[in-house]
Number of protein chains: 2
Amino acid sequence: MTTDSLFTSNSSPSIERRGLRDHVYDRVLDVLLGPGVEPGSRLSIDTIARDLGVSPTPVREALVQLERTGLVSRVANKGYTVAEPLAADQLESLFDARLVLESGSAAIAARNPESILPALEEALAEHLKLTAAVHDASEAGDIPLELLREYFAADWNFHHLIFEHTHNPFLIDMSEAISTRVHRMRQTVATGVSDAEEATAEHRAILDAFSQGPEAVEAAMRSHILKVRDRARDDSVR
Amino acid sequence: MTTDSLFTSNSSPSIERRGLRDHVYDRVLDVLLGPGVEPGSRLSIDTIARDLGVSPTPVREALVQLERTGLVSRVANKGYTVAEPLAADQLESLFDARLVLESGSAAIAARNPESILPALEEALAEHLKLTAAVHDASEAGDIPLELLREYFAADWNFHHLIFEHTHNPFLIDMSEAISTRVHRMRQTVATGVSDAEEATAEHRAILDAFSQGPEAVEAAMRSHILKVRDRARDDSVR
DNA sequence: ACTTCCTATTTCCTATAGTATCTTTGAATG
DNA sequence: CATTCAAAGATACTATAGGAAATAGGAAGT
């Protein structure tokens, strides 16, 4: 009955069979992706176990999984810590990796455009809607954190859909490694939403390229990521 | 003193501080990559723990890490099993992923050819040496398993060096996910060494392309992987 | 006053024990 | 004879406890 504290907090009555390990994983991931995560701060196994009302064993397994995301780093016999933010050169590497992965994946996804186009149209519409909402909130004064979160989610969803529609488990798996880093970059670099109009325009260009074959899609995606990189560079020196 | 059985078997007197978890990981990985691994067979945590003389906890952690390699699969409350060999469609996905990753990585590695060329030359020389050795052994009758292992290692080392010379931690990390699958494919598809001459020739073409810029290298790598895929397809229907 | 060493506390790491779940085997019934 | 249900065994999962290492604080010596 010691595990009740976790499950009762879950509103869903039907609980998927997937062990405490995954619950701990989700909880810790929420904390790491949420605001107020201090890089370098210790992630005590026992503390997490006590806070979540579970034993250290599933916590250890969850942390091993999290190592892969690059959000936590581990030193043997010393424990886990929140990973340091991406340095400048690591940021360049991240964009290089995105150029390789996303351009290639976009070309593969473009093999059958009819199955992906509706989903992309919907995602872009949502992205545009949130861009307008952010724009209004920005003029009104400040932007609510929840709105910001939704905007970033819509932005990334466009990229995520392209990965999904490759139907390639290996590429999808690699995209997850990228996803967490991009999310983390947005916390640290704080590139903001100043490029919202440009980003949506470039997404539109990618979408339109789907009717012109894989090569056009690949080029459009490459162009988009290169521009995102340039804007991120400008922000970091601001 | 229960851990002595592990460490005493290690001839190296200076042991890096890296926990039992990594030792278990290495041992299980050796078994999985070695011959005689039956897909679907159970990987009992307690059995492994007893065999290696450790407790189940570090074994669990090692298996979580191995999940990522795709060599083991897990069912909640049912345990770990040796992953099934790659199906035909998964093999296609693997080659698609290689096309994306390796072509892109080759282009990045080609940014400064002078630092990678000597290493590639050496790797290709070793590959050629082993190709000749395999050829001789093949005519003599049968090929020793150890020689076969060395040949495959030399073959992959060429690809591995290109990944390493991107100096991109994300791409290198992704290459490891590919590496284990390629190794596994060679066990199951048993494409053999019939294409040794063609493979070395294509590697030579890639190497020569480094003096013609990133685009040439990318094209050469793409051509190589496409040909490898074609040969693998021929083998599977043979 | 600073450095060094020692001690105590905290934390990770490993081992052992109990509980829940799945599989399998056997028997009983239609 | 086939099928279904039940019970027993095995296995994974979680929890608790003990031992080892590292860090932090304080005291003693230079």
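Every chain is numbered from 1 and lettered A, B, ... according to where its sequence line falls, protein lines coming before strand lines.
Between D:dA15 and A:S55, a contact under 4.0 Å exists linking OP1 or OP2 to a side-chain N or O.
A distance-only check finds no donor-acceptor pair linking the side chain of A:R233 to the backbone of A:V228 [under 3.5 Å].
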Practice task
List the steps, then state whether side-chain hydrogen bond (donor to acceptor under 3.5 Å, both in side chains) holds for A:T166 with A:S105.
Solution key: CA-CA 6 Å; A:T166 61; A:S105 296; 5.5 Å; no
Would you list the protein and nucleotides 10-13 of chain D atom pairs, both N or O, that sit under 3.5 Å from each other?
unit_1, atom_1, unit_2, atom_2, d
D:dA12, OP1, B:I45, N, 3.3
D:dA12, OP2, B:S44, OG, 3.4
D:dC13, OP1, B:N77, N, 3.1
D:dC13, OP2, B:R60, NH1, 3.3
D:dC13, OP2, B:R60, NH2, 2.9
D:dC13, O5', B:R60, NH2, 3.4

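Per the geometry, CZ belonging to B:R21 stands 18 Å off P belonging to D:dA21, to the nearest Å.
Within the 6.0 Å centre-distance limit, the rings of A:H224 and A:H159 are counted as a close aromatic pair. You'll find the ring centres of B:H127 and B:Y151 inside the 6.0 Å limit.
Using a 4.0 Å cut-off between charged nitrogen and carboxylate oxygen, B:R111 and A:D96 count as a salt-bridge pair.
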